[in-house]
Structures are given as C-alpha cells and as structure tokens.
Amino acid sequence: MADLAVRLCGVRLKNPVIAASGTFGFGREFHQLYDIGRLGGISVKGLTLEPRGGNAPHRMAETPSGMLNAVGLQNPGVDAFIARDLPWLLERGLAVIVNIAGNSVEDYCRMAEKLAPTGAHMLEMNISCPNVKQGGVAFGTQPDSIYQVTRAVKARAAQPLMVKLSPNVADIAENARAAQAGGADCISLINTLTGVAVDVRRRRMALGNNVGGLSGPAIRPLALRMVWQASRAVSIPVVGMGGIMTGEDALAFLLCGASAVMVGTANFADPFACPRILQELDTLLAEQHVRKLEEVVGAVIEN
Amino acid sequence: MQHTMARVAGVDAIARGIYLLRLHAPDLLAQGISPGQFVHIRLPGAGQQRLLRRPISVMAARPQEGVLDLAIQTVGPGTLALCGARPGDTLAVLGPLGRGFDAGQAQRIFFVGGGVGVAPIRFAMDAFAPGRRCAAFFGFRGAAFAYGIQQAPCPVQVTTDDGGLGARGQVSDLLRAAIEEEPPDLILACGPTPMLRTVQRLAVPEKIPCQLSLEEYMACGLGACLVCACKTRAMDGQGAYRRVCVDGPVFPAEEVCFDG
Ligand SMILES: Cc1cc2nc3c(=O)[nH]c(=O)nc-3n(C[C@H](O)[C@H](O)[C@H](O)COP(=O)(O)O)c2cc1C
Ligand code: FES
C-alpha cells in the first residue's frame, strides 16, 4: 500500500482526496453515510460575512456529462459557521478548509480575521464564484486584483491561504503567478465555467439566475489543462479539481502537477464517490509500485 | 436512510407515459417509509453522460415482500432509461429521503393528486384512509393517463381535461364543491404547480390544514448542495429558501410561496 499522506503548506492531510466546496455542505449530511474522517479534507460551502439567502429557483440544470448550478452562495454567514459547524467538523479528524467569498477586499479580510483564532486548518479564498452579480468574478479574472486581494488577506490570515482560481480567464498561468506573488500559500483550480441552459418549451432560461456554473466530467479536459499550466507557472502547491469521478481521474490531476485533488459533482452521482476514488487511487498506485504520493505529483511525461 | 443495490422485480406500463417500477429492496424498506417520502435512483447505463440521480416518490411499500412500487413518468432521457430497466437488473437506490405527509389526528381527509403526483397520494390514502372518513380527487389529462384508481380505500372522483373519464375540468373544481359541502380537517396534495396553487387558495383562507408535496431538481438529495431550494414564508437563519429534499418535499400549505 502506498503512503498517501500529503503535506500541503504545512498542513498534514492523511490522503489527497478533499471534498470540494459547495457540494458537501459542512459535512454532516455525508457523515450519515460514511465517516468523513476517512477523507484528506473538506472544503466547506462558501461562506460570506453576512448570511445569504441565495438565488431564486431553479438553481440547477443537468447538462451532458455535467450540470449547471446557480445556488448564489446561500450560507448562514461566517459567524454562524464558526459557532455551529466548525467545532463539530474539527472533531472529525480531517483537514478543515474554510472557503470564503466576499464582495470586497475588506469582506475577505474581516472573514480571515474572524477565522484566525479558530482551529480551522486552511482558508480557501474563492475569488471566482460566477453566481454573485457584483461579487467574486471581478476579483477573479484580473492578475492585478488577484494580487491585491491575496496580499491584503494574507496579511490578516493566521492559517495558510489557498486561492481558488476561476477558469473563465484568458491566461491561467498569469493568474496563478499573480496569486503566488500576492503571497498565496497554495492555489486550487478550477472553479466552475459559466454557462446557460434554455428550457425551449417555455422559451425561458432554465436557471433563475440565467447564468450558472458548469461542473462535472464535461469540464475535466479543460481543468486538467489548466492545472498542468498553472502548476508549471508557480512553485507553491496546486490543488486540482474539475470532473474527477474515478481514481484514474485523480491520478491524471496528480500527474499534471496537483498535490491533492478535490471532488465535487461526483458526490451527487455516487454519494460514496470520495472514499471510492480514494480506494481506486490507492489500488492504482500500488499497481504502479508507487511508495509515496509525491513520486507522481507533476510526473507526467510531456511530448 | 440506506444506500442499497435494489433488484428490479418488474416494469409495467400503467398509463400513457407512466410506468410502475417494482424494486426488491428489503433493507431499505426495513428503515420504514412513510407516504410522501422518496428515493434517489442512479440511472442505469448512463455512465458519465447523465450523472444525476432521479428523485422518485414511493407509491406503495410492501415490507413483507420487501417490495417498493414507484410510478415513473417518462419526461426525458433519464426517466426513459429508468423505465427501460429489465427485471433482474440492479439499481443503486438511496432512501428513504425527505419528510412525508403527517395525518396527525385528522378524521376527515381529502386527498388531491394530479398526474404523476397521484402516486404518493395513493400511498397516503392506503396508509391513512382506513378507519377515517376520506375522499380522493384525481386529475389526469385524459382517460389514457389515468392510474391508481382501482381498489382505493376511499371514494375517488376523477376529472380529465377532455372529460374522457370522470368529469371534465380541473380537479380543484371537485375539491371546491366538496369543501363547500363539508370541509375536511386535512388536505394532502401532490401534482403540478398550478393545481397546488389552487389547492392552497382553497385551503389556507378557510384555515383548513393542508400539506403540499413539492418538486424541484435535485443533486445530492441529502441537504448538502442547496440546489433544490423552494421559497417559503418561514424565515430563519437560512433566509426564506428551504430545501425540498430534506425540509420537504411535503410542506404546510401556508408556508409555500409560489411566486418563485
Ligand atoms: C452545487 C455546487 C455548488 C458549489 N459551490 C461552491 C462554493 O460555494 N464555493 C466554491 O469555491 N466553489 C463552489 N463550487 C465549485 C466546486 O467546488 C468545484 O470547483 C467545481 O464544481 C468543479 O469540480 P467538480 O467538477 O468535481 O464538481 C460549487 C459546485 C457545485 C456543483
Ligand atoms: S438536492 Fe442537495 S440540498 Fe437538496
């Protein structure tokens, strides 16, 4: 059996499989089905400074090999999370990555300050959520603003800072470098791609928000390309995601330079996706006589 | 809640566009299923093409045989794939999920079902009608679409759009007349949104307790992803949106907002 443990900017994960933000709530629902402590980590549902009600229905449309979502960051707010959910999560024995989303640099900074005295292991700064009109997207697409917001938040954060990059950009490598220059401890990618679906019978946009975020296997080749390009552009660790459904998919991301992976939409197809992917990855690495996970990170042979 | 591999015991067309899927799932049934609850089924053979499971209401549960009956309307490729299952196939099923109907102490119950929404209503009738004074009102598009009427435990009145079976018109017309004659102490309803909206308008101003079963697209089915939101009047920390998969699918009629 391979040693699957990962050190991600000082935080030890017992394995590289992390539940992706927004698909796993705060972990309680999936914990009814299996011990979530078996996973390397959880990135919690995106939090904002104040509670948010989210977008009008419909919030989801199934698409070929994927889905569009427009939840609109419905969440109870960072204070309620710290009081009600974080203590429970910290007892589960997996790395707790707190995903934060803001409308301004100041929002992010205040959330980082509120989280500083807690036992949370890492912050994931979502500067790329496509569902909030004035929000995330503005920061997420320009290298300048990525640099600025990363620098400001890094100065206030007590925990390692992971910056989650948007794929809705021209040059992912440039944005990855901007996050690193701003002081990010690691980066994660990709968030969802923007898209729309149309209900032709009603001649209406399928989603209440019109625009949604595309996820699932449909985005996997693109996600893999971006993870590969970003990981070659920076020296900080990269966490890869986008359509991972199997252990083979996870290994492809590791080979392209990801130190760990996040699993999102797969949890909907198979509620046991995270532990299954972990098992499959373990078997695959054993077949390839891999002793330590690091051996495969970035080890893809390029032509 | 249980995740199980259920064996398909039968698939039969019971009305135009509606199939009865029988699943052998004793471990799931052992959890106890109440009317209005649903199961979440992985589509057979869809691979990574159609990822999402389908939430399907339970029409009947027979714990002694370990069999669950589901009525499935073929609305798209996903539900068509489900209805294409063959006896002996296995399907990944998660359930029971959600909060169902609660009959409480009601003695006179009106059951209102429209289209595929008749399925959970029929389950509720079989569970609650014996020993109570009940009546049921079913609406279908036409005679060919009707099902769930035979061997009912209480009188059933039917409407169809064309009058091909029962009265011509809307099921709410019958409900209105029956309420005027003698109001029930509970109404349970499931069906298309326009029907539910009318039931709400008939029940709430008259202070007749009423529960509506809602439908929404789902991803996790467990309460984690928040894609299945419906608007309600209940204001709490989460705002006015509730999750159809775990807070529902059955909600008190006075809490539901149909304005979007
Ligand atoms: C329903 C849903 C909600 C999501 N919510 C968030 C969120 O709140 N914050 C965030 O950073 N990413 C969010 N995401 C994006 C995922 O974390 C992930 O980046 C994306 O879905 C790609 O991975 P996947 O294909 O494995 O799902 C959400 C995705 C889905 C499907
Ligand atoms: S379907 Fe995920 S919360 Fe209801």
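Order of the sequence lines fixes the chain letters, A, B, ..., with proteins taken first and strands second; residue numbering starts at 1 for each chain. Reckoned from all heavy atoms, side chains included, excluding hydrogens, waters and symmetry mates. Treat the numbers as computed from the prediction; the structure is a model and nothing was measured.
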Asker: Does a donor on one side chain and an acceptor on the other come within less than 3.5 Å for Q74(A) and R243(B)?
Answerer: no
Asker: Take atom CZ of R225(A) as the centre, draw a 6.0 Å sphere, and report whether it contains more than 12 heavy atoms from other residues, nucleotides or ligands.
Answerer: yes
Asker: How long is the span from the CG atom in L52(B) to the CE atom in M60(A), to the nearest 0.5 Å?
Answerer: 5.0 Å
Asker: Which heavy-atom pair separates R59(A) from L226(B) by the least distance, and what is that distance?
Answerer: NH1-O, 2.8 Å
Asker: In this structure, are over 12 heavy atoms from other groups packed under 6.0 Å from E50(A) atom CD?
Answerer: no
Asker: With a 4.5 angstrom heavy-atom cut-off, could you sort out which part of L94(B) is near chain A: side chain, backbone, both or neither?
Answerer: side chain
Asker: Side chains of Q49(B) and P64(A): does their closest heavy-atom pair fall under 4.5 Å?
Answerer: yes
Asker: Please check if atom CZ in R276(A) has more than 12 non-hydrogen atoms from other residues, nucleotides or ligands closer than 6.0 Å.
Answerer: yes
Asker: Between R42(B) and A269(A), which heavy-atom pair has the shortest distance, and what is it?
Answerer: CD-O, 3.2 Å
Asker: Hey, are the side chains of C225(B) and V71(A) touching, using non-hydrogen atoms and a 4.5 Å cut-off?
Answerer: no
Asker: Can you name the residues that form a ring pair (Phe, Tyr, Trp, His ring centres under 6.0 Å) with H3(B), not counting sequence neighbours?
Answerer: F272(A)
Asker: Is T63(A) in contact with chain B via its backbone, its side chain, both, or neither, using a 4.5 Å heavy-atom distance?
Answerer: backbone
Asker: Between L33(A) and M1(B), what is the shortest heavy-atom contact and its length?
Answerer: CD2-SD, 4.2 Å
Asker: Evaluate whether atom CZ of R141(B) has more than 12 neighbouring non-hydrogen atoms of other residues, nucleotides or ligands under 6.0 angstrom away.
Answerer: no
Asker: Decide if atom CD of Q31(B) counts as having more than 12 heavy atoms of other residues, nucleotides or ligands within a radius under 6.0 Å.
Answerer: yes
Asker: Counting heavy atoms not belonging to R92(A), are there more than 12 under 6.0 Å from its CZ?
Answerer: yes
Asker: If I compare all heavy atoms of C230(B) with all of P57(A), which pair ends up nearest, and what's the gap?
Answerer: CA-CG, 4.4 Å
Asker: Can you pull out the residues in residues 213-224 of chain B with any heavy atom less than 4.5 Å from chain A?
Answerer: E216(B), Y217(B), M218(B), A219(B), C220(B), L222(B), G223(B), A224(B)
Asker: To check you understand the geometry: which heavy-atom pair defines the closest contact between R53(B) and D270(A), and what is its length?
Answerer: NH2-CA, 4.4 Å
Asker: Should V246(B) and E29(A) be marked as a side chain to side chain contact (heavy atoms under 4.5 Å, CB included) after you check the CA-CA gap, both sets of side-chain angles, and the distance that decides it?
Answerer: CA-CA 10 Å; V246(B) 287; E29(A) 292 80 13; 6.0 Å; no
Asker: Around atom OH of Y147(B), are there more than 12 heavy atoms of other residues, nucleotides or ligands at under 6.0 Å?
Answerer: yes
Asker: Need one label for S21(A): side chain, backbone, both or neither, based on atoms under 4.5 Å from any heavy atom in chain B.
Answerer: neither
Asker: About how many Å separate CZ of R54(B) and CD of E62(A), when rounded to the nearest 0.5 Å?
Answerer: 4.0 Å
Asker: Quick check: closest heavy atoms across T246(A) and Q48(B), and the distance to 0.1 Å?
Answerer: CG2-NE2, 4.2 Å
